[in-house]
Structure formats: structure tokens, C-alpha cells
Amino acid sequence: MILSVDSGSVVPAYEQIVGQVVAAVRSGALLPGTKLPTVRQLAGDLGLATNTVARAYRQLEGEGVVATNRRNGTVVATPPSARADEEVAAAAVLFVKAAQRSGLGIGDAMSVIREAW
């Protein structure tokens, strides 16, 4: 990932970083799980104060674009829709297993889902 900051821009440096990271995530150039540079490393690379990069990372984290973990650093987050899909799929597997243990056929199991819907 190559980021740059235009020091002559009216857009603050932290917003330039946020915009570039969001654009890279949306375009698929940065995939979920991709590790971002540390705050210090990126600040050094861009010639910025660490607080500027930290502010950008905090905003990205607040928007759910990245996730920060002390051990793993800052990584591109899994989009909420993908997490929801995974959660629903896991719940479906549990439901199917419980329905099978209870002796329900697929038709009866679908009736249970329809009633719950």
C-alpha cells in the first residue's frame, strides 16, 4: 500500500490518509486482514507527526474500516456484511443439527423458521 500526503492541500493530512485507505479497501486493493504499517512507520514514511497518523487510524477504526489489536497491529477489518453472513451461516448449521436431532424433516424445520420470521 502506497500512501502519499499533499502538504499543499487544504485537506488535512489525516483526512488524506483516511480517504486513501477507504478508497483502497473499496477498490479491493486492500483486502480484509491486510496489515497496515505501524503508526510510527507510516508517520516516518510520510514525514508526519505520529499523532496525525494515529488520528487517521482512530477515525478508520471508528468507521469500522480497520481493527487494531496490540498483538497484531492494525489490519483491514472484515466488512460488517461478511461478518453477518458468517454469523447467519453458523446459526443455520446449529439449527439444522438441532432439527435433525429432534427428528424434524426439512419441511417441519422450514415451518419453524417461517414462524420465527
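Numbering of residues begins at 1 and proceeds along the displayed sequence.
With Ser9 contributing its side chain and Val11 its backbone, the two residues share a donor-acceptor pair below 3.5 Å.
Side-chain atoms of Ser4 and Gln20, non-hydrogen and from C-beta on, do get closer than 4.5 Å to each other. Within the 4.5 Å cutoff, the side chain of Leu30 has heavy atoms near those of the Val21 side chain.
Tracing side-chain contacts under 4.5 Å through hydrophobic residues (I, L, V, M, F, W, Y), one reaches Ile106 starting from Leu104; they form part of the same cluster. By the rule that hydrophobic residues join a cluster once side-chain heavy atoms approach within less than 4.5 Å of another member, Val39 and Val75 end up as members of separate clusters. Under the 4.5 Å side-chain heavy-atom criterion for Ile, Leu, Val, Met, Phe, Trp and Tyr, Phe95 and Met110 are members of the same hydrophobic cluster.
Note that CG of Leu48 is 9.5 Å distant from OG of Ser7, once rounded to the nearest 0.5 Å. Taking CG from Leu46 and OG1 from Thr52, the interatomic distance works out to 10.0 Å, rounded to the nearest 0.5 Å. With rounding to the nearest 0.5 angstrom, the CG atom of Asp108 is 11.5 Å from the CD1 atom of Ile113.
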Taking distance alone, no hydrogens or angles, what donor-acceptor pairs closer than 3.5 Å link side-chain atoms of residues 54-72 to residues at least two apart or in another chain?
residue, atom, partner, partner atom, Å
Arg55, NH2, Tyr14, OH, 3.0
Tyr57, OH, Pro37, O, 2.6
Gln59, NE2, Glu63, OE2, 3.1
Glu61, OE2, Thr68, N, 3.3
Thr68, OG1, Thr74, OG1, 3.2
Asn69, OD1, Arg71, N, 2.7
Asn69, OD1, Asn72, N, 3.4

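The number of heavy-atom neighbours closer than 6.0 Å to CG of Leu94, taken from other residues, nucleotides and ligands shown, is above 12.
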